[in-house]
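So the structure is just underneath, and the comments pick up after that.
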Amino acid sequence: MCAIMGYTAKDIPASALLRSFAATKSRGPDDSRTLETASGTLLFHRLAIMGVHPEGMQPFTSPDGSAVVCNGELYGFRTLKRELEAKGYVFASGSDCELLLPLWREQGVGMFRELDAEFALILYDAATDSFIAARDPIGIRPLYYGYSASGHILFASEPKNLRGLADRIMPFPPGHYYQDGQFICYRDIAHVDEICRDDLDTVCANIHEKLILGVEKRLDADVPVGFLLSGGLDSSLVCAIAARLLGRPIETYAVGMSTDAIDLKYARQVADYIGSNHHEIYITEQDVLDTLEELIETLGTYDITTIRASMGMYLLCRAIRRQSDIRVLLTGEISDELFGYKYTDFAPSPEAFQAESVKRIRELHMYDVLRADRCISANSLEARVPFGDLDFVQYVMCIDPAKKVNVYHQGKYLLRRAFAGTYLPESILQREKAAFSDAVGHSLVDDLKALAERTYGGGWEAAAEQYAYHAKPFTKESLLYREIFERHYPGQAGMVVDFWMPNRAWEGCDVDDPSARVLSNYGASGE
C-alpha cells in the first residue's frame, strides 16, 4: 500500500497538509515526497512493492510539468510497458505506476476503463493546469474527498487525512473519475448489460479459469508475498491455487481466539494439504478490548460486522509485520458478494438475488474491502484480492442469477463445482461458510457485547438518539462503536451508507444482528 493526497489550491499552508498527511505514514513507511504544482500540491508516502529502487519513487513527472501519485497495482503492466516503449517512451524505473502519465498522454480519461488494476490516483495535467482523480471500479484502493473552507477539493487515501481540512468527508465513488468539478462514471462493474446464458459446465469452467488468472496476476511482486488463510472456501482456494502456480511452499497465516478458535483447525488442514509454511496467531480477550478504540480510528467506520471481522485480521497483520519480511498479502474477500452469503439463501427469486449482489458490489468499498485495506495497510502491508479481478467479477455478475441462487442446498455451489476434485480436499471444498468474526472464535463477539453491556447497562436508547442524524445505533454494541467513531470523526457518519445487515425485507432475515450465526440456516457452519 501507499498513501496519496492532493489539494487543488494554495490557500492551506504546506505545514497543515503535511501534518494531516502524516496520519497515514503507516501506508507508506519507506519514503515520502511532496510536489508543488502551479496550482496545488501532491503528496505521497511509499511502500515499495514494484520497482523497489529509488527511481520508483512518486510523484512521477513528465517534461511538460504534469505529475501523478497513485496507490495501485497495474496488472500486466510489463506488456503494456513494452508497447509504450515501442512508441518512444522511456522509463526510469521498474514501477508499474510510471506508465500512468504516458497512458494519460495517449488515452486521456479513456485509460481508466482500460486499466486492469486496483488503484486510486491523483493526476495534475500541466497543459490545462487542472487535477484529475480516479478510483478503480470496485474501490479496492481507498480514496476520499472533501472541500476546504475556500471551496477547493481535497483528495486523500483515508478520511483521517482530511480531518480539520474539510467539513464533510466522503468516499470517492468507485468506477468514477473527477474532472472539472464533476464525478463521472467510467465503469459500473455491477451493471449487467446482458445475462450470460452459458450452460452450467461452461460457467464452472470459466469460473475456474478466470480465478486462476486472477491469482496468477497478483503473485507478481518484487517483495515477499504471503497469504491469509482462514480455512474457509475462499481463502483456501486462493492459497491452493497460488501454491500450485508457484510450485513451492507458500507462507500462510491464520488467527484465532486463544479459547475457542473455530477456523484454526480447518486452516491447518488446508496448510497440510497444500504443503505451506503455516503460522498461527492466537489473540485474547484483553487483546480485543485493548485494541478496540485504535481499530475503530484506523477503520474509520462504526459498522458492527466490519469492526467484528476486522479485529482478528488487524491483530494478525500486526503479527505478520513484526515477525516476517512479508509485504504483500493475498486474501479471499469479494467472494460472498458474488456467489452469496448465508442470508441470500432466503432470496425470494433469482432477480432478488441479483439485485442484492449488485447492491453489495457497489457498497463493498465501505465494508469488506475497507476492512481488508485498513487492517493490512495500517501494518505497512499491501492487500491483493483475486476475487476482485475485474474480468472475474464482470463474468460472475453476468451469469444467469437462476444458476447463482441457492437451489442446490449448498452455498456457493458454482464456485465449489468449478474446483471440485482439483485443488482442495472435499472436506474443505464442501464445508459451509462460517462468519469470519465467529470463526476467529465466538468469544470475540461475546467479549465485545459484554463490554457494551458494562458500558451502558440500561437507558442506552437516549444516548443513541444524539446520533439519529444518520444510521442511528440500534443496540448497545452499535452505540459503543458509534461513540468511539464520533470521538475521532465527529459528524462524519455519512462516510458509511448504513449498518451492514442482511436484507430484512426477506422472510428469515428480519434479525437484529449482522452475524450469520443468528440465521436459521447457519446450522453447523460455525463448528
Side-chain angles (χ1 to χ4, degrees), residues 1-4 27-28 44 46-51 56 58-60 68-84 89 91 93-123 132-143 155 157 171-179 184-190 210-211 213-223 225 328-331 333-334 361 364-365 369 372-373 376-377 382-395 397:
M1 292 299 179
C2 298
I4 63 174
R27 296 187 70 92
F44 185 72
R46 186 186 191 196
L47 178 66
I49 301 296
M50 304 299 294
Q58 300 184 41
F60 289 113
V68 67
V69 288
C70 178
N71 171 25
E73 293 294 342
L74 280 58
Y75 299 112
F77 81 95
R78 299 179 197 281
T79 300
L80 192 55
K81 186 175 184 178
R82 288 193 292 270
E83 293 173 359
L84 290 167
Y89 291 97
F91 298 93
S93 78
S95 171
D96 51 327
C97 292
E98 192 181 0
L99 277 62
L100 291 169
L101 287 175
L103 287 171
W104 173 255
R105 183 175 175 182
E106 292 288 320
Q107 302 173 7
V109 296
M111 80 175 187
F112 301 130
R113 184 172 180 83
E114 297 301 316
L115 288 174
D116 181 8
E118 46 209 39
F119 69 93
L121 65 80
I122 310 164
L123 187 149
I132 298 92
R135 191 178 186 189
D136 68 71
I138 295 174
I140 292 175
R141 296 303 171 97
L143 192 62
F155 304 103
S157 289
F172 193 105
H176 285 66
Y177 66 88
Y178 169 91
Q179 187 178 40
I184 301 165
C185 181
Y186 69 87
R187 186 174 186 182
D188 180 357
I189 194 70
K210 291 177 184 295
L211 184 58
L213 289 173
V215 173
E216 186 174 27
K217 293 176 192 176
R218 287 158 179 80
L219 298 176
D220 186 6
D222 294 336
V223 294
V225 177
V328 173
L329 288 171
L330 270 67
T331 77
E333 273 76 23
I334 311 184
I361 290 293
L364 251 174
H365 65 105
V369 162
D373 175 81
I376 292 173
S377 67
E382 173 170 292
R384 294 186 180 178
V385 190
F387 281 99
D389 184 79
L390 297 178
D391 183 55
F392 183 80
V393 171
Q394 181 172 296
Y395 180 74
M397 289 301 294

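Hydrogens, waters and symmetry mates play no part in the numbers below; they use all other heavy atoms, side chains included. Here the structure is a predicted model, which is why all the values come from computation and not from measurement.
- Taking each heavy atom of P386 and V215 in turn, the nearest pair found is CB-CG2, 3.7 Å.
- In this structure, D222 contributes its side chain and G51 its backbone to a donor-acceptor pair below 3.5 Å.
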Carefully, step by step, assess D389 and L211 under the rule side-chain contact (heavy atoms from CB on, under 4.5 Å).
CA-CA 8 Å; D389 184 79; L211 184 58; over 6 Å; no
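- Counting only heavy atoms from C-beta outward, the side chains of L123 and L101 approach each other to under 4.5 Å.
- Interatomic distance, Y178 OH to F172 CZ, rounded to the nearest 0.5 Å: 9.0 Å.
- One finds the CZ atom of R105 at 11.0 Å from the CG atom of L84 (value rounded to the nearest 0.5 Å).
- Taking CG of L115 as the start and CG of L80 as the end, the distance is 8.0 Å to the nearest 0.5 Å.
- A donor-acceptor pair under 3.5 Å is formed between the side chain of S157 and the backbone N or O of I4.
- Between the R218 side chain and the R384 main chain, no donor and acceptor come within less than 3.5 Å of each other.
- Applying the side chain to side chain donor-acceptor pair (under 3.5 Å) rule to Y177 yields no partners; only residues at least two apart in sequence or on another chain are considered.
- Annotation: side chain of R78 is in contact with side chain of D220 (closest heavy-atom distance under 4.5 Å).
- Taking CG of L100 as the reference point, atom CD of E98 lies at 9.5 Å (rounded to 0.5 Å).
- The nearest pair of heavy atoms linking Y186 to P137 is OH-CD, 3.4 Å.
- Taking 4.5 Å as the limit, some side-chain heavy atom of L121 sits within range of a side-chain heavy atom of F112.
- Side chain of D96 to main chain of L74: a donor-acceptor pair is present (N/O by atom type, distance under 3.5 Å, no hydrogens or angles).
- Closest approach of A221 and V328 over heavy atoms only: CB-CG2, 4.3 Å.
- Scanning both residues, P174 and G139, for their nearest heavy atoms gives CB-N, 3.6 Å.
- Interatomic distance, CZ of R135 versus NE2 of H365, reported as 6.0 Å (0.5 Å rounding).
- Under the 4.5 Å side-chain criterion, counting only non-hydrogen atoms from C-beta, V223 is not in contact with L47.
- Using a 4.5 Å heavy-atom threshold, the side chains of C2 and R27 count as separate.
- Contact between P59 and V69 at its shortest, heavy atoms only, is CG-CG1, 3.5 Å.
- I138 is listed as a side-chain neighbour of V393, based on a closest heavy-atom distance under 4.5 Å.
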I376/T331 under side-chain contact (heavy atoms from CB on, under 4.5 Å): CA gap, chis, key distance, verdict
CA-CA 10 Å; I376 292 173; T331 77; 3.8 Å; yes
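- Taking CD of E382 as the start and CG of D373 as the end, the distance is 10.0 Å to the nearest 0.5 Å.
- At a threshold of 4.5 Å between non-hydrogen side-chain atoms, the residues F60 and C70 do not count as touching.
- With hydrogens and angles ignored, the 3.5 Å screen pairs a side-chain donor or acceptor of D136 with a backbone N or O of F119.
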Might you work through the salt bridge (Lys or Arg N to Asp or Glu O under 4.0 Å) test for K210 and D391, ending with a clear yes or no?
CA-CA 7 Å; K210 291 177 184 295; D391 183 55; 2.9 Å; yes
Could you walk me through whether E114 and R187 pass salt bridge (Lys or Arg N to Asp or Glu O under 4.0 Å), step by step?
CA-CA 10 Å; E114 297 301 316; R187 186 174 186 182; over 6 Å; no
Between F392 and L213, does the side-chain contact (heavy atoms from CB on, under 4.5 Å) criterion hold? Intermediate values first, please.
CA-CA 9 Å; F392 183 80; L213 289 173; over 6 Å; no
Which is it for K217 and D116 under the side-chain contact (heavy atoms from CB on, under 4.5 Å) test, yes or no, and what are the steps along the way?
CA-CA 10 Å; K217 293 176 192 176; D116 181 8; 2.8 Å; yes
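- Using a 4.5 Å heavy-atom threshold, the side chains of C97 and F77 count as separate.
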